[in-house]
Amino acid sequence: MDKTLKKDETVQRTEAEIFAELETVCASAGFVHAIAYFCFRDNLIRYSGELGVKDMDSHYEGSSLLRSEISTLIGLMARSPWTTDMPAPEALQTYIDRTDELMRELHHAMAAEAFFGGRDLAGLLAEGRGPFEDGAAMREPIFYGGESAYNFQYKALTELKYGADEGWLERTRGFNIREALLVANVIGDFHLRRLNLLRKEMRAQSPDQWTFLPAFTFTIEDIAARAEIAIGRVEAILAAFKFGSHERNSAFIGLSEFNETNARPILACGDGTYILLQHYQLQESLYESPFFWMMADDDYRPTATANRGFFTESYSSERLRSVFGSSRVLTNIDIYRGKNRYAEADALVLFGNQAIVVQAKSKRLTLNARKGNDLALKDDFKKAVANAYDQALLCAGALQRPSDFVFRDTQGLELKIAGPVDVIYPMCVLADHYPALTFQARQFLKVEADKIVRSPLVTDVFTLDIIAEFLETPLHFLNYLDLRARSYTKLLITNELIPLSYHLRNNLWLDDKYDMVNLGDDFTAHVDVAMAVRRQGASGSREIKGVLTRYRGTPLGTIVAQIEASAIPELTEPGMWLLQLSDSSANGLSRALDLQNKAAVREARTKDISLPFDAQQAGMTIHINSLPDGVAREKILQHARIKKYELRAERWYGMVLQSGDLQMRQAVMLTDPWQQCSAMDATLAKLPRRSPAPLDQVSMRVGKIGRNEQCSCGSGLKFKKCCLNR
């Protein structure tokens, strides 16, 4: 019996088939006008009044094209002869609609082929391997994972990155990096002005004349006049980043292949005019391309490599100094065991009993790795991250046994490490955009974490800059590192800006009941707004309401603010405990502090609150009184010793707050090992045993209590038989 086979129209096409049709569409006459429309629709954030999170909705809702997708359209258009002739309105609309359809289909095809195409997922899982451990599965997050940097970060860091190469640029390219940045900035401003004028002009035009392309078009004279730079030097800058109309982007035959228009994004039309469709591409190329020019110069290559390493180390250290202060951030520390150099830390932050070990690298993701080549992908990751992490672990081991090692600075002077460090945070920092860096770190990095050496923060200079921008005190910075380390294996994310943004809004405390949490890119909208206000002068709020503001105006906030202002390392740990309280516990503690403070003023007696933190085998006791300093100190020491002994805690903190304004008068820390003591046992025997009340309930149990009323500590006993004599 004959069977007629008909093509199933619902069968999903391959990535190559879709890419081929997309190339055909991009080669259509006047397609550049469609790309100009996409750039207007998807790259610009439009708002009136003050910039807010809702203004970012269109950017994250999923219907917009990413910059990487628009770059693909530009690259495909450049594979064929192209013109700026205006297509008919019906044709232009067809270009736009069909391109949107193809880009959605292409994304689905890439995801499907990466996760299911020709791979035995059951076999992978049986071997204990996840689906993302295959290089092919990484192509999707690498392409669609978004950028690392804001455009204003590229502006700021480009000059720092190439400041030491000015002589080479002048000699070989005929301009310096400051002039190139100025030209790029002028082009961006020119585009915005033209766009505003064009929108007004379009109101008077017939719809069949509407196009956004003129907003992205300019001449050398337009730029030279505004930049106040000689035309010859402007020509030299444009020549370094222009793609001629006679050229063909022949190597770009697949999404993961090299796209020349990314490196040279300024399109030369051949008639003296130029088109720059994505200003971000020029900023990114300015940051990245000069290094490749220098690497092609055999004589200058060693100098260029050294300069890149110095930039990454110095910038990372400088951002950490803005948080911890210069004296606590040490750079280029050599660690010796005997006469042999054991390890090196690019930067070392020492703050009390906590340390941050920074290893900086300037390794990029190669083209073969972007294609999904498993060996290339893992080799790149090893050179960029894994080797740096291994070095950080060596440094962490030495910090735990400082008496066995010698630490020397760049002058060869020996540094004294006071004693073993209790908590160490490894940090690996890259100089360039490394696509899906956080996602790859989760899949490929073999993490060795314990109670002392925590899971690493793997990031780049751009995100480190933003972390230091918002978490500008040691307390908040270390608290974030602690929470990020705890969530290392739980979070499924593409970049480190996502958990930071989530933390600023919600506190990155993930309940143990969650095995995995997937956070989307839209969480970064709050940071997008605040950074635009802080760095670009946009109208709006520079604050993000959340962990940085939730205690403001509360008694608990008064204590936290004093711990932050004091920058006393010994208070960092209890400060972190307070920051990590749930909202209900924080509110309960604030109410308890308020009621105890009022009682201390009213009764002129010491009022106290003790907080055990079982997970840390530690705790703190807070006294509120107006006693003389000597008496107050003896009283808090005695109480703290009793609590530490009673709970067999490793550490116990004590604080004395002034009744009335809750200003911190004294702070003590007890870290002596627990030992059996008959005198302490006798003291405890006279005191009633009790379990502490939950913080979210304690506020309802404090205040003036009658002798025969239930005690506020939660023991269930009457006050006269419990805490009255205590």
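Worth saying up front: this structure is predicted, and the values here are computed from it rather than measured.
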Exercise for review: Report yes or no: does Ser314 contribute a side-chain atom to a donor-acceptor pair with the main-chain N or O of Phe311 at less than 3.5 Å?
Suggested key: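 A pair under 3.5 Å: yes.
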Starting at [atom1] of [X], measure out to [atom2] of [Y] and round the result to the nearest 0.5 Å.
| X | Y | atom1 | atom2 | result |
| --- | --- | --- | --- | --- |
| Trp82 | Ile35 | CH2 | CD1 | 9.5 Å |
| Leu160 | Glu318 | CG | CD | 9.5 Å |
| Leu519 | Asn495 | CG | CG | 10.5 Å |
| Ile237 | Ile266 | CD1 | CD1 | 9.5 Å |
| Leu430 | Gln359 | CG | CD | 12.0 Å |
| Ser250 | Glu257 | OG | CD | 11.0 Å |

Going by atom types alone, do [X] and [Y] pair a side-chain donor with an acceptor below 3.5 Å?
| X | Y | answer |
| --- | --- | --- |
| Ser285 | Arg264 | no |
| His107 | Glu140 | yes |
| Thr305 | Arg308 | no |
| Gln278 | Ser71 | yes |

Do [Y] and [X] meet the salt-bridge criterion of a basic N to acidic O distance under 4.0 Å?
| X | Y | answer |
| --- | --- | --- |
| Arg46 | Asp55 | no |
| Asp222 | Arg193 | no |
| Lys242 | Glu247 | no |
| Lys378 | Asp374 | yes |
| Lys382 | Asp379 | no |
| Asp432 | Lys161 | yes |
| Asp380 | Arg370 | no |

For residues [X] and [Y], establish whether the separation of their ring centroids is below 6.0 Å.
| X | Y | answer |
| --- | --- | --- |
| Trp293 | Phe241 | yes |
| Phe462 | Tyr154 | yes |
| Tyr274 | Phe216 | no |

Of the non-hydrogen atoms in [X] and [Y], which two are nearest, and what is the gap between them?
| X | Y | result |
| --- | --- | --- |
| Ala184 | His279 | O-NE2, 2.6 Å |
| Cys39 | Leu277 | SG-O, 3.3 Å |
| Ser539 | Tyr47 | N-OH, 4.0 Å |

Legend entry - Flag if over 12 foreign heavy atoms under 6.0 Å of CZ, Phe310: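 Open.
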Report yes if the side chains of [X] and [Y] come closer than 4.5 Å at any heavy-atom pair, otherwise no.
| X | Y | answer |
| --- | --- | --- |
| Phe218 | Thr273 | no |
| Thr211 | Met86 | yes |
| Phe444 | Leu377 | yes |
| Arg98 | Leu22 | no |
| Ile275 | Leu213 | yes |
| Gln153 | Tyr287 | no |
| Phe470 | Val527 | yes |
| Asn151 | Gln281 | no |

_Check against side chain to side chain donor-acceptor pair (under 3.5 Å), Asp165 and Tyr300_ = CA-CA 10 Å; Asp165 303 305; Tyr300 195 72; 2.6 Å; yes
Q) Within 45 degrees of the axis of the six-membered ring of Tyr280 and under 6.0 Å from its centre: does Arg67 put its NZ or CZ there? A)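 Because its charged atom sits under 6.0 Å from the ring centre and within 45° of the axis, Arg67 does stack over Tyr280.
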Would you check, one step at a time, whether the test side chain to side chain donor-acceptor pair (under 3.5 Å) holds for Asp460 with Thr463?
CA-CA 6 Å; Asp460 52 41; Thr463 304; 3.3 Å; yes
Practice problem: Show your working on side chain to side chain donor-acceptor pair (under 3.5 Å) between Tyr162 and Asn307 and close with a plain yes or no. | Solution: CA-CA 8 Å; Tyr162 297 111; Asn307 288 344; over 6 Å; no
